[in-house]
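Here's the structure, in structure tokens; my notes come after.
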Amino acid sequence: MTSTIYLRYEVLRNFRNWRFLLLSLVFPLVLYLSVASANRHATINGIAFTVYFMAAMATLGTMASVVSSAAVIAADRSTGWTRQMRITPLTVGTYFSARVLNGYLRAVLTIVLVGLAGTALGVRLSATEWVTVVGLLLVGLIPFAVLGILLGHLLNADSSAVAMGGIVTLFALLGGVYGFQIAKSGPMFQVIKAIPSYWLVQAAKAAIGHGGWPAEGWIVIAVWTVLLAALAVLVYQRDTHR
Amino acid sequence: MATGKASNDGVVLSRLSKAYGRLRAVDSIDLSIRRGQTVAILGPNGAGKTTMLDMALGLTRPDSGSITLFGMPPARAIAAGQVGGMLQTGSLIEYLSVREFLTMIASLYPRPLQVDHMLQLTGAAEFADRRTNKLSGGQTQRVRFAAALIANSDLLVLDEPTAAIDVGGRREFWTAIREVAAEGKTVIFATHYLEEADAYADRIVLLARGKIVADGSATEIKAMASGRTIRATLPGADLAQLASLPGVTNAERRGEAVTLNCASSDNALRALLSRFPEARDIEVHGAGIEEAFFALTVGERDDPNQPTQVQGAR
């Protein structure tokens with residue numbers, strides 16, 4: 001396959017950019033270690049705080065990991081690299097695959113680090129529970145990977161960092177990442193349940209048998225993915241057909 | 001005659017137009033280039049060279065008209081690996097060495113050249129293991145150039161490839177292009193270096209204000225401007241009167257000296273001597289290509305009093 005060499009170098013350039021990599025890993029890890037160790041004996045709705053907050057920080061870190069493709073795409077556009085690539089046989093699909101692949105590799109690294117920190121603070125999950133939480137997280141991240149591509153074409157290199165930070169924080173807040181939910185019932189709760197980051201936080205609860213991922217969760221993830229993908233296609237076409 | 005008939009086999013632009021607001025960057029251009037030709041797109045800044053090449057590469061969508069590369073739309077020819085290109089601007093991706101970068105680009109094409117060979121040919125071998133973000137401007141240009149050549153594609157499109165490269169470096173570039181393009185490859189390059197077009201192109205297409213104002217071999221282009229210049233010392237002469245002499249296309253003054261660009265220097269000289277018997281120190285020169293360039297693009301300007309800047313070796 002010709003694209004394997006291309007993808008290999010794309011992964012290489014991602015991991016050599018250690019400043020970028022470090023920043024996306026350090027924040028959720030430090031936040032987890034400081035907050036969870038201070039509350040290691042607390043529980044939220046019958047769930048150990050260390051488990052709840054591990055899922056929350058994994059959600060925050062992985063969201064940031066996949067959305068940060070926007071920064072790479074915006075930079076590639078501003079340096080003229082995107083135009084240069086468009087006159088090679090490289091397909092847009094392969095270029096985006098590289099972005100999503102790198103986003104997911106950063107996300108997996110985040111999960112491993114936050115998971116290790118959780119284990120250090122006494123979190124014990126069975127193999128099945130680990131597989132469930134990681135699997136659900138990776139599926140729940142799909143709309144955010146698409147969001148990264150969309151933002152990469154909507155923003156420029158300067159604005160992408162600020163916008164990404166704001167958007168990830170907003171999704172984290174609405175999804176209940178910071179240890180509280182804005183609403184637990186009523187119409188506001190219906191709105192919260194329609195937000196994909198809510199379901200990322202639910203992944204850990206589902207894994208240990210508290211609540212779960214009903215069909216509603218899958219539908220929310222699928223609908224966001226389709227809508228964001230449609231928007232991304234529009235924005236991509238506007239960006240390239242000048 | 002270099003102006004070939006329309007052919008599906010090469011590069012064909014038909015009635016191609018593109019406007020930015022009220023500016024007609026490319027104005028109904030018809031151009032067909034046979035497979036194997038090396039064509040220089042020559043013109044002053046703002047003539048529409050880059051817009052035309054960007055459309056040929058499918059990067060800019062034309063307002064009207066069509067483009068085919070080897071009988072295919074640009075996107076299809078590019079997907080098939082038949083096009084290698086070097087855009088006017090653009091940087092390299094970071095965090096890779098020069099060698100890794102070229103290996104990555106080569107992997108995208110069906111029949112790429114050897115990375116080591118390209119490094120040698122473009123003089124990039126000495127910094128092959130350096131990261132792309134640690135290169136000087138000239139080194140970056142060499143790597144961009146190597147990336148275009150390594151494709152080993154049937155069509156090579158180069159937009160001012162030697163801009164910001166010194167004369168010695170330019171010669172090396174062209175040696176490399178000639179080696180790579182030896183077997184029937186089509187090369188289109190934009191330049192405002194006249195001697196470059198003269199030395200390396202089979203055919204020169206002269207662009208001014210989005211239109212083709214001349215098209216032919218370097219010799220033909222010179223002949224179109226008839227290739228003669230008359231210089232004389234003639235204080236106080238009226239330029240408009242001089243310009244209206246038979247055989248004169250344009251007149252300019254530098255101090256007491258006047259220069260007449262001539263379509264027919266014989267007629268111009270006779271008329272000059274009869275109307276201005278006081279003219280002295282008369283010299284008649286065969287025009288270089290820069291005079292041809294000047295003669296063909298002047299009159300395309302808004303302000304005839306503003307001198308046209310022409311670069312190039314004398």
Side-chain angles (χ1 to χ4, degrees), chain A residues 1-24 68-69 71-99 101-102 105-106 152-153 156-157 236-242, chain B residues 18 20 51 53-63 69 74-97 99-112 115 131-133 140 143-144 147-148 150-151 153 155-159:
Chain A
M1 224 8 236
T2 47
S3 56
T4 44
I5 299 176
Y6 166 74
L7 289 175
R8 200 179 85 208
Y9 284 113
E10 280 282 16
V11 170
L12 199 62
R13 78 158 165 145
N14 173 45
F15 281 92
R16 278 185 185 160
N17 190 354
W18 56 268
R19 253 168 284 194
F20 182 61
L21 197 62
L22 211 62
L23 278 173
S24 68
S68 64
S69 298
V72 181
I73 294 171
D76 282 354
R77 283 169 56 232
S78 77
T79 60
W81 178 246
T82 307
R83 276 163 57 84
Q84 187 68 42
M85 282 282 93
R86 281 174 59 205
I87 60 169
T88 72
L90 179 74
T91 62
V92 184
T94 310
Y95 175 79
F96 288 157
S97 306
R99 303 282 73 77
L101 175 67
N102 276 329
L105 286 174
R106 290 191 295 267
H153 287 280
N156 62 33
Y236 175 80
Q237 283 176 346
R238 194 202 60 175
D239 190 41
T240 53
H241 289 163
R242 272 183 291 197
Chain B
K18 178 76 183 178
Y20 293 106
T51 306
L53 293 184
D54 280 356
M55 285 193 284
L57 290 168
L59 290 173
T60 299
R61 184 181 273 185
D63 294 340
L69 310 179
R76 209 137 60 82
I78 287 167
Q82 295 198 18
V83 182
M86 180 173 173
L87 303 175
Q88 193 173 33
T89 55
S91 60
L92 310 168
I93 50 170
E94 296 187 343
Y95 302 102
L96 293 179
S97 74
R99 186 191 303 278
E100 288 166 342
F101 175 76
L102 289 178
T103 308
M104 182 180 112
I105 297 295
S107 78
L108 302 172
Y109 287 91
R111 326 169 290 277
V115 172
R131 290 277 174 90
T132 51
N133 48 323
T140 301
V143 177
R144 279 172 19 84
I150 205 166
S153 52
L155 173 65
L156 198 53
V157 178
L158 308 160
D159 193 354

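As a basis for the values below, the full set of heavy atoms in this structure was taken, side chains included, without hydrogen atoms, waters or symmetry mates. Just so it is clear, the model here is predicted, and its values are computed rather than measured. A, B, ... follow the sequence lines: proteins, then strands. Residue 1 opens every chain.
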* Contact origin within B:T132 toward chain A - heavy atom pairs under 4.5 Å ->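 When you check distances to chain A, no heavy atom of B:T132 falls under 4.5 Å.
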
* Counting only heavy atoms closer than 4.5 Å, note whether B:A79 contacts chain A via side chain, backbone, both or neither. =>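 Answer is backbone: N, CA, C or O of B:A79 sit under 4.5 Å from chain A.
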
Roughly how far apart are [X] [atom1] and [Y] [atom2], rounded to 0.5 Å?
| X | Y | atom1 | atom2 | answer |
| --- | --- | --- | --- | --- |
| B:L59 | A:T82 | CG | OG1 | 11.0 Å |
| A:L12 | B:Y95 | CG | OH | 12.5 Å |
| B:I150 | A:T88 | CD1 | OG1 | 13.0 Å |

Side-chain touch [X]/[Y], heavy atoms, less than 4.5 angstrom:
| X | Y | answer |
| --- | --- | --- |
| B:S91 | A:W81 | no |
| A:R83 | B:D54 | yes |
| A:R86 | B:L57 | no |

Most chain A-contacting option - heavy-atom pairs closer than 4.5 Å, from [options]:
| options | answer |
| --- | --- |
| B:M86, B:E94, B:M104 | B:M104 |
| B:T103, B:I93, B:I105, B:T89 | B:I93 |
| B:L96, B:L92, B:V157 | B:L96 |

* What closest approach, in Å, do A:P89 and B:L108 show between heavy atoms, and which atom pair accounts for it? ->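 Shortest heavy-atom separation between A:P89 and B:L108 comes out as CG-O, 3.3 Å.
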
* **More than 12 heavy atoms of other groups within 6.0 Å of A:R19 CZ** =>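 It does not: A:R19 CZ has 12 such atoms or fewer within range.
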
* Engaged part of A:D76 at the chain B interface, taking heavy atoms whose separation is under 4.5 Å ->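 Answer is side chain: those atoms of A:D76 sit under 4.5 Å from chain B.
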
* Ion pair present between B:E100 and A:R16, side-chain N to carboxylate O less than 4.0 angstrom? ->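 Yes.
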
